[in-house]
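Bear in mind the structure is a predicted one, so any value in this text is a computation, not a measurement.
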Amino acid sequence: MNTSTQLRQALMTAGSNNQADTIKIETGTYTVDSGAVAFAYSTAQNFTLIVSGGYVSNPPLMCVRQLDDPAATVLSGSDARQVMHLSGSPGTIGGQSVSNLTIQDGLSSQTGAGLSVGGGGGFTGNVLVYRVIVARNVGTQFGGGLAVYSEGIVNIRNNLFLLNRCSMSNCAVSATVNATSPATTRAFFGNNTIVGNQCTSGSSCSATGARFGGSASAVFYNNVFAANSNGDLDLFSFSGGVVDLYYNNLVSITGTAPSASVGNIAFANPQFVDLLNDDFRPTLGSPLRNAGTDQFVLETIDLAGEPRINESRVDIGAYENSDRIFADAFDLFE
């Protein structure tokens with residue numbers, strides 16, 4: 001795909017063509033000038049949908065190479081509409097995967113002004129969102145950045161949630177994952193950077209970082225929360241589900257107490273390279289550096305396309321520190 005019209009048509013076709021679909025989006029910026037949703041997918045079928053950006057063509061060969069750069073493919077709501085909405089009907093099992101994209105400038109009263117994935121009650125498809133930048137979206141009620149609902153397995157990994165806003169709560173992420181057996185861990189949130197999310201001007205809201213709710217058990221690992229105006233993480237788990245927190249940077253947690261809390265730190269300033277210019281790599285002196293766990297799934301590369309583990313241990317957050325130190329602890333200077 002290399003035009004907004006093609007992308008819209010591909011998503012529409014994928015919803016009813018009785019087959020699994022992979023939509024490859026070339027580098028560039030994609031916007032539309034009509035509709036409540038820029039890029040929408042709805043299906044009553046049971047097939048997998050994969051949407052991924054960063055592709056480069058060499059005509060007549062299309063999408064022959066993929067760049068490891070989410071910033072190279074931008075889907076925008078132009079501050080006028082929800083950016084992307086993917087929805088499976090209740091009772092369907094088709095998985096959804098979104099990767100290697102920037103989703104920005106959404107505006108909607110629907111939850112997930114930037115990206116909404118999953119489906120209605122009874123949707124059991126697996127959901128994967130990884131290496132996506134979700135930035136500067138505004139929800140006029142809940143969930144400015146990402147909204148997800150599923151009764152399948154949900155993985156939210158190696159993403160940046162930046163400067164999303166909302167009027168009520170869950171400004172960066174609003175996730176609900178249910179399970180027939182609450183003891184089953186079905187939600188995994190790993191190596192995300194959740195920074196600078198806040199209430200819209202004049203509003204009073206809570207949990208401007210992320211919210212997790214539902215009857216499934218969940219694990220949060222290697223995530224960094226920082227500079228969110230009204231709380232980092234709100235846990236609303238019920239019907240026997242539990243939430244475990246491993247090696248996150250969290251200053252404020254509200255709601256249901258986590259079942260396990262291991263290796264977590266609480267630095268209001270986690271020492272990014274350049275917070276004001278969106279460089280969220282940890283500095284050499286950052287408490288995030290070498291502070292994560294490899295107990296759960298890790299990507300092979302970070303959000304910037306660099307090796308996921310640069311030194312002896314994974315860093316907390318979506319970005320790995322890219323400097324190196326000799327084994328004797330002396331810095332390497334050029």
Whether Tyr319 and Phe280 hold their rings parallel, tilted or perpendicular, with breakpoints at 30° and 60°:
tilted
Under 3.5 Å, is there a donor on one side chain and an acceptor on the other for [X] and [Y]?
| X | Y | result |
| --- | --- | --- |
| Arg308 | Asn158 | yes |
| Thr208 | Asn197 | no |
| Thr73 | Thr27 | no |
| Gln45 | Asn18 | yes |
| Thr254 | Asp234 | yes |
| Arg211 | Ser169 | no |
| Gln9 | Thr5 | no |
| Thr31 | Ser76 | no |
| Asn248 | Asn223 | yes |
| Ser57 | Glu26 | yes |

Treating Ile, Leu, Val, Met, Phe, Trp and Tyr as nodes and any side-chain heavy-atom pair under 4.5 angstrom as an edge, say whether [X] and [Y] lie in one connected cluster.
| X | Y | value |
| --- | --- | --- |
| Ile194 | Leu115 | yes |
| Val32 | Val83 | yes |
| Val154 | Leu101 | yes |
| Phe39 | Ile23 | yes |
| Phe161 | Leu75 | yes |

First locate atom CG of Asp294, then atom CD1 of Ile309, and finally report the distance between them rounded to the nearest 0.5 Å.
6.0 Å
Answer yes or no: is there a side-chain heavy-atom contact under 4.5 Å between Val134 and Leu160?
no
Just do the side chain to side chain contact (heavy atoms under 4.5 Å, CB included) check on Phe212 and Val177 with the steps written out, would you?
CA-CA 8 Å; Phe212 174 80; Val177 185; 3.8 Å; yes
Does Met12 have more than 12 heavy atoms from other residues, nucleotides or ligands lying within 6.0 Å of its CE?
no
Take Glu299 and Arg131, measure what salt bridge (Lys or Arg N to Asp or Glu O under 4.0 Å) needs, and give me the verdict at the end.
CA-CA 9 Å; Glu299 303 298 328; Arg131 302 193 70 248; over 6 Å; no
Salt-bridge test for Arg136 and Asp278: reply yes if a basic N is under 4.0 Å from a carboxylate O, no otherwise.
yes
Determine, for Glu311 against Arg289, whether the closest basic-nitrogen to carboxylate-oxygen distance falls under 4.0 angstrom.
yes
Sulfur to sulfur, is the gap between Cys171 and Cys166 shorter than 2.5 Å?
yes
Between the side chain of Asn222 and the main-chain N/O of Gly317, is any donor-acceptor distance below 3.5 Å?
no
Result for ring-ring contact (aromatic ring centres under 6.0 Å, His included) between Tyr246 and one of Phe220, Tyr221, Phe296 points to Phe296
